[in-house]
Amino acid sequence: MYNPQALEKKWRTRWVEESTHRVQEDSGKPKYYALDMFPYPSGSGLHVGHWRGYTISDVWSRYKKLQGYEVLHPMGWDAFGLPAENAAIKLGIHPAVSTASNIANFKRQLEQIGSVYDWSRELNTSSPEFYQWTQFFFVKMFERGLAYRKKMPINWCPSCKTGLANEEVVEGRCERCGTEVTKKEMTQWMLKITAYADRLLYDLDKLDWPDKVKRMQAAWIGRSEGARIRFSIQNYEDESIEVFTTRPDTLYGATYMVLAPEHPLVQHITPANRRSDVDTYVRETLKKSAIARQVVDKTKTGVFTGAYAIHPLTGHLLPIWIADYVLMEYGTGAIMAVPAHDLRDYEFAQTFGLQIVEVISPTGEILTAPGATPNLFTEAGKLVNSGAFDGLDSQQGQKAIVEELVRHGMGEATVTYRMRDWVFARQRYWGEPIPIVYCDVCGAVSVPVEQLPVSLPAVERYEPTGTGESPLAAIAEFVNTRCPKCGGPAKRETDTMPQWAGSSWYFLRYPDPHNSQQPFSKESANKWLPVDMYIGGVEHAVLHLLYARFFTKVIHDLDLIDFDEPFQRLFNQGMLTLQGVKMSKSKGNVVNPDDIIAKHGVDALRMYELFVGPPEDDAEWNTNGLEGVSRFLARMYRFFISHLGDNASSRPELERLRHRFVANLTERLTSFRLNTAVSSFMEYLNALQDVTAGIDEATLTTLAITISPFAPHMGEELWAQLGHETSVFTATWPTYEERWLADEEMEIAIQVNGRIRARLTVAADISEDSAVAAAQAHAELAPWLNGKTLVKSVYVPGRLINLVVKD
RNA sequence: GCCGGGGUGGCGGAAUCGGCAGACGCAGCGGACUUAAAAUCCGCUGAACCGUAAGGUUCGUACGGGUUCAAGUCCCGUCUCCGGCACCA
């Protein structure tokens with residue numbers, strides 16, 4: 001009888017005792033690095049939804065192992081983060097303590113999956129042995145000018161009195177207390193990810209990633225080609241407004257200018273009589289939350305500053321307005337408004353009665369009657385009302401106008417990105433301290449790498465101070481230090497790094513996890529990376545995956561590794577739903593794996609995680625489906641045991657079934673259709689159960705080996721039952737021979753005018769002529785063929801014959 | 001609004017090179033075994049119509065067109081669901 005719990009316990013114990021999952025660095029086999037996105041060890045534990053990705057990566061790892069690869073399949077903990085800190089504030093438990101107990105629970109659950117994780121390489125981003133190297137990379141970036149400080153507005157929760165990361169702002173509100181988030185001007189550490197924008201964009205081509213993720217990253221980077229144009233300001237000869245536009249061909253249609261309300265020139269150029277209106281508008285804009293300004297209400301608002309810009313080519317005076325539809329963060333924070341050819345400018349001009357001039361025409365004719373308002377036209381066309389440039393098409397016009405601007409020193413072609421530099425600081429306790437010291441004499445100085453880590457000190461209270469400073473700022477012993485350069489008195493930076501820091505490079509550490517001299521040896525990284533298969537949720541499509549790519553490129557430029565992309569292949573598993581809703585603890589609709597295992601065993605749960613649907617699609621959890629898979633495993637076990645002693649000899653019937661099964665299964669695995677791979681086993685077993693005489697050993701061996709990536713405990717058991725003393729994972733994935741895939745005879749369909757009218761059994765190698773002749777002679781077809789003329793016949797070997805007839 | 005991906009039996013899903021739609025599983029129905037049940041095993045199972053029956057015909061992959069000997073698959077249009085972005089100049 002199949003007793004999964006006993007059997008699974010036996011093999012799990014054996015795997016631990018024999019260190020089966022240890023990577024053999026000197027095996028001489030080709031390497032394969034299969035990686036899960038490591039989890040944040042939350043207090044709520046894992047549910048069957050989390051299991052999906054881990055199961056997929058484990059099945060894949062074991063399959064690769066059977067194919068003869070030395071597989072590195074490690075696991076660790078993304079252990080710094082807000083939930084632990086918030087729990088500390090609420091319950092007074094030190095984050096290190098709660099994190100450690102959460103990790104223990106996660107590890108217990110993950111070990112149950114039966115994964116081939118090599119736990120000797122376990123990582124924890126919150127341990128000093130790990131985060132000293134996170135700090136090391138920060139220092140290296142600082143030395144290269146890639147880490148810098150900037151004063152800028154950040155998300156601020158007035159209730160929690162703390163700065164928030166972008167990911168902690170949910171629909172404009174604080175994740176913790178629901179208060180609407182405002183902006184607060186603060187000096188922040190930034191990483192210059194924009195310096196890598198083009199490489200991050202173009203190197204996407206090298207990656208075997210889902211198109212969706214590539215598109216999301218490309219959109220996030222948002223590369224945009226255009227021109228920078230300077231407009232001088234009437235009565236302010238030493239000032240100018242610089243704008244960015246993707247449509248320099250529309251320059252003659254610019255009828256007004258708009259500055260972002262926060263633009264530094266606003267205060268300068270506003271005359272006294274306009275000051276109060278302008279100040280009021282600026283104040284109101286700053287009060288508006290990000291959602292109110294950007295998403296919900298797109299009604300155009302703004303005020304005239306009273307100042308005028310001078311058109312660089314016509315010399316016309318253009319009124320300068322401020323409006324919140326122009327964002328300070330993008331481009332130069334100022335635009336030239338071309339209302340005839342831009343929807344937003346059009347709406348704004350209509351609202352405030354500003355001039356609209358047609359300069360691009362689809363036909364090359366001026367389409368606007370004198371005195372009439374031009375229609376909005378945002379596509380490319382031919383230039384009109386554009387002086388010497390009339391008649392050029394948009395593309396030529398852009399080039400010619402930019403050249404003209406360059407000649408006058410009024411502008412040039414340029415590229416702008418949507419992506420901004422990365423705010424890399426948080427006023428929080430539970431993160432990597434930023435290894436910087438401020439000295440009155442030397443300024444901001446990085447802590448020498450040999451003095452790392454800058455350890456996170458114990459604190460009494462985790463609450464932010466209320467001034468926007470980290471809790472670390474209240475600890476004098478931590479803050480007061482000596483300048484590493486001059487030895488004088490100095491103060492430490494008290495901000496910590498964001499949660500994304502450790503996960504940006506952890507995959508480089510697994511090959512060399514205990515190195516105390518360097519983050520990793522170049523040799524080990526070059527041996528194991530890039531990661532061959534990276535598996536995790538699509539929610540990390542942009543942030544984590546972009547940051548990790550950025551770090552990898554920086555580390556490559558530091559000459560510490562030879563590759564510059566971390567993850568060659570990426571797979572995003574779909575999530576599991578229950579009653580159509582994403583499974584999550586907070587929604588209270590989780591299925592606990594422990595219960596399933598107690599009833600059906602780990603192997604059944606693993607099989608069902610695959611069988612539930614295409615691995616990349618979301619899928620609805622269904623207990624009946626799980627029971628089906630569980631029944632199958634029991635049936636398979638019974639079948640196997642009952643035929644162990646058959647000693648039957650090989651025969652064509654069995655050979656044919658086996659080779660077809662292996663071909664079929666391998667194809668489905670290779671193309672990652674894992675749900676159908678499970679079906680392959682069911683189909684094979686159904687066919688084998690129709691076999692009347694005994695089963696040969698090759699069939700049983702094949703079953704034991706092929707089932708083992710999916711149901712590894714059963715695989716080991718069946719393999720042992722066959723008399724083997726070593727692990728089934730020392731075996732080799734079976735191959736198949738083409739000659740067994742084709743039948744000697746086969747049934748094909750016969751169509752008349754595309755409709756199936758009969759079936760015919762023919763020899764596999766029958767010629768087209770004979771096949772067609774046999775079809776025509778088929779008695780059942782007589783009613784469809786009599787009195788008609790055959791005009792054409794189509795023969796698809798092994799499939800069908802189509803006879804095209806007419807009266 | 002823009003970009004992308006989907007809509008196939010009662011359900012989850014197969015069929016991705018244009019070639020027999022519905023593999024496999026679930027649910028359902030009928031049967032075997034059993035004193036009975038559970039478990040297990042066997043058979044049937046897209047719809048409508050014709051036929052006592054064996055069997056047959058027609059329809060059928062969101063909807064409407066098209067290409068083709070042949071369309072779930074390719075093309076055009078429409079509806080709808082999901083995801084991403086969202087005043088990015």
Side-chain angles (χ1 to χ4, degrees), chain A residues 1 210-220 222-224 226-227 229 243-247 250 254 258 260 293-300 323-327 329-338 341-345 347-348 416-420 538-539 541-542 574 607-608 611-614 616-629 631-632 634-635 638 664 668 671 673 675-686 689 747-759 780 783 791-806:
Chain A
M1 204 57 239
D211 285 341
K212 174 182 175 167
V213 176
K214 290 192 190 184
R215 267 197 310 273
M216 283 168 73
Q217 292 216 350
W220 182 269
R223 186 177 202 276
S224 185
I229 305 176
V243 304
F244 173 74
T245 178
T246 55
R247 292 295 301 272
T250 65
V258 185
R293 181 164 170 186
Q294 287 178 13
V295 182
V296 181
D297 184 10
K298 291 189 181 174
T299 315
K300 296 292 177 287
D324 65 4
Y325 82 91
V326 175
L327 309 176
E329 301 86 52
Y330 185 76
T332 60
I335 62 158
M336 64 175 202
V338 183
H341 305 291
D342 178 280
L343 174 62
R344 295 147 304 172
D345 297 344
E347 289 172 351
F348 191 84
T416 292
Y417 300 90
R418 180 182 173 277
M419 182 170 69
R420 326 244 161 88
V538 73
E539 65 272 18
V542 173
M607 286 288 249
Y608 181 61
F611 191 63
V612 68
E616 66 278 14
D617 290 352
D618 292 349
E620 172 76 7
W621 179 266
N622 184 321
T623 305
N624 289 331
L626 173 73
E627 280 166 4
V629 169
R631 275 201 284 267
F632 160 75
R635 199 153 57 90
R638 279 197 308 273
N664 199 8
R668 290 173 174 187
S671 56
R673 302 199 308 272
N675 53 326
T676 62
V678 176
S679 303
S680 290
F681 287 102
M682 295 171 169
E683 287 163 7
Y684 187 38
L685 186 63
N686 287 346
Q689 288 185 317
E747 190 186 65
I748 60 174
I750 305 177
Q751 300 180 330
V752 177
N753 290 342
R755 310 183 78 107
I756 294 163
R757 298 303 184 187
R759 283 165 209 285
E780 284 175 30
V791 292
K792 183 179 182 175
S793 66
V794 179
Y795 174 58
V796 182
R799 295 285 197 167
L800 54 71
I801 292 169
N802 190 8
L803 301 173
V804 184
V805 298
K806 66 175 184 188

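The basis for the numbers below is simple: all heavy atoms, side chains too, and nothing from hydrogens, waters or symmetry mates. First the proteins, then the strands, lettered A, B, ... as listed; each starts at 1.
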- [ ] Take the protein atom CD1 of A/I748 and the nucleotide atom C1' of B/rA70, then report the distance between them rounded to whole Å.
- [x] 15 Å
- [ ] Provide the distance between the two C1' atoms, one in B/rG13 and one in B/rA23, to the nearest whole Å.
- [x] 10 Å
Open item on the list: On the nucleotide B/rC20, are OP1 or OP2 found under 4.0 Å from the side-chain N or O atoms that A/R799 carries?
Closed with: yes
Open item on the list: Distance check needed: B/rG84 P versus A/M419 CE, whole Å only.
Closed with: 21 Å
Open item on the list: For the P atoms, the ones on B/rC87 and on B/rG77, what distance do you get once it is rounded to whole angstrom?
Closed with: 28 Å
TODO: Taking only the side-chain heavy atoms of A/N624 (C-beta and beyond), determine which of B/rC87, B/rU57, B/rA27 contains the nearest atom.
DONE: B/rA27
- [ ] State whether A/R418 places a side-chain N or O below 4.0 Å from either non-bridging phosphate oxygen (OP1 or OP2) of B/rA86.
- [x] yes
TODO: Answer yes or no: does a side-chain N or O of A/R668 lie under 4.0 Å from OP1 or OP2 of B/rA23?
DONE: no
Open item on the list: Roughly how many Å apart are B/rC59 and B/rC82, using the P atom of each and rounding to a whole number?
Closed with: 34 Å
Task: Side chain of A/P614 - closest among B/rA14, B/rG83, B/rC24 - done: B/rA14
TODO: Determine the stems involving RNA chain B; a stem requires 3 or more consecutive pairs of the Watson-Crick or G-U wobble kind, each with both distances below 3.5 Å, and the answer is none if no such run exists.
DONE: B:1-7 with B:79-85, B:10-12 with B:24-26, B:28-32 with B:40-44, B:46-50 with B:55-59, B:62-66 with B:74-78
Open item on the list: Ignoring hydrogens, what is the shortest heavy-atom contact between A/Y325 and A/A337? Give both atom names and the distance.
Closed with: OH-CB, 4.5 Å
Task: Residue list, salt bridge (Lys or Arg N to Asp or Glu O under 4.0 Å) with A/R223, at least two apart or on another chain - done: A/D198, A/E225
Open item on the list: Nearest to the side chain of A/N686, heavy atoms from C-beta on, is which of B/rU58, B/rC20, B/rG25?
Closed with: B/rG25
- [ ] Kindly label the base of B/rG9 as syn or anti, based on whether its glycosidic torsion lies within 90° of 0.
- [x] syn
Open item on the list: Going by the rule side-chain hydrogen bond (donor to acceptor under 3.5 Å, both in side chains), which residues pair with A/N622 if we only count those two or more places apart in sequence or in a different chain?
Closed with: none
TODO: With the side chain of A/R631 defined as its heavy atoms from C-beta on, choose the nearest nucleotide among B/rA89, B/rU58, B/rC26.
DONE: B/rC26
TODO: Under the side-chain hydrogen bond (donor to acceptor under 3.5 Å, both in side chains) rule, collect the residues that match up with A/T416, sequence neighbours excluded.
DONE: none
Task: Nearest heavy atoms of A/R418 and A/Y330, plus distance in Å - done: CA-CE1, 3.8 Å
TODO: Please name the residue in the list A/D345, A/L327, A/D342, A/T245 that meets the side-chain contact (heavy atoms from CB on, under 4.5 Å) test with A/I335.
DONE: A/D345
Task: Distance test, side-chain N/O of A/R673 to OP1/OP2 of B/rG13, below 4.0 Å - done: no
Task: Residues forming a side-chain hydrogen bond (donor to acceptor under 3.5 Å, both in side chains) with A/T623, sequence neighbours excluded - done: none
- [ ] Take atom CZ of A/R755 and atom C1' of B/rG60, then tell me their distance rounded to the nearest Å.
- [x] 11 Å
TODO: Write down the distance separating the C1' atoms in B/rC42 and B/rC33, rounded off to the nearest Å.
DONE: 11 Å
- [ ] Ignoring hydrogens and angles, answer whether the base of B/rC69 and the side-chain atoms of A/N802 contain a donor-acceptor pair closer than 3.5 Å.
- [x] yes
- [ ] Would you indicate what A/E347 reaches in the nucleic acid, counting non-hydrogen atoms under 4.0 angstrom: base, sugar-phosphate, or nothing?
- [x] nothing
Task: Closest to the A/M682 side chain, choosing from B/rG25, B/rA89, B/rU40 - done: B/rG25
- [ ] Please work out if A/K212 contacts a base, only the sugar-phosphate, or nothing of the nucleic acid, heavy-atom cut-off 4.0 Å.
- [x] sugar-phosphate
- [ ] Would you please name every residue forming a side-chain hydrogen bond (donor to acceptor under 3.5 Å, both in side chains) with A/E620, sequence neighbours left out?
- [x] A/T577
Task: P spacing across the pair B/rC11 / B/rU16, given as an integer number of angstrom - done: 23 Å
TODO: Kindly indicate whether the side chain of A/M336, heavy atoms from C-beta on, has any atom under 4.5 Å from the side chain of A/T250.
DONE: yes
Task: Closest-nucleotide 5' rank along RNA chain B - winner of A/R247 and A/E627 - done: A/E627
Task: Of the listed nucleotides B/rC24, B/rA89, B/rG83, the one nearest the side chain of A/T246 - done: B/rA89
Task: Sugar-phosphate, base or nothing in reach of A/R223, heavy atoms under 4.0 Å - done: nothing
TODO: Report the nucleotide, chosen from B/rU40, B/rC20, B/rG25, that has the shortest atom-to-atom distance to any side-chain atom of A/L800.
DONE: B/rC20
TODO: Mind calculating the distance between CG (A/D617) and C1' (B/rA14) to the nearest angstrom?
DONE: 13 Å
Task: Euclidean distance for C1', B/rG56 against B/rU61 (whole angstrom) - done: 24 Å
TODO: Specify the closest pair of heavy atoms between A/M216 and A/A541, including all atoms of both residues, with the distance to one decimal.
DONE: CE-CB, 3.6 Å
Open item on the list: What's A/E620 touching, base or sugar-phosphate or nothing? Going by heavy atoms closer than 4.0 Å.
Closed with: nothing
TODO: For A/R635 and for A/T676, locate the closest nucleotide of RNA chain B by heavy-atom distance; then report the residue assigned to the nucleotide nearer the 5' terminus.
DONE: A/T676
- [ ] Quickly work out the A/Q689 CD to B/rC24 P distance and round it to whole Å.
- [x] 13 Å
Task: B/rA62 and B/rG72, which share atom name P, separated by this distance in whole Å - done: 10 Å
- [ ] Can you tell me, in whole Å, how much space there is between the C1' of B/rG46 and that of B/rG28?
- [x] 14 Å
Task: Nearest-angstrom distance from the residue atom NZ of A/K806 to C1' of B/rA70 - done: 18 Å
Open item on the list: By the 4.0 Å heavy-atom rule, please label A/V338 as base, sugar-phosphate, or nothing.
Closed with: nothing
Task: Nearest-angstrom distance from the residue atom CZ of A/F611 to C1' of B/rA14 - done: 10 Å
Task: Euclidean distance, atom CG of residue A/N675 to atom P of B/rG25 [Å, nearest integer] - done: 14 Å
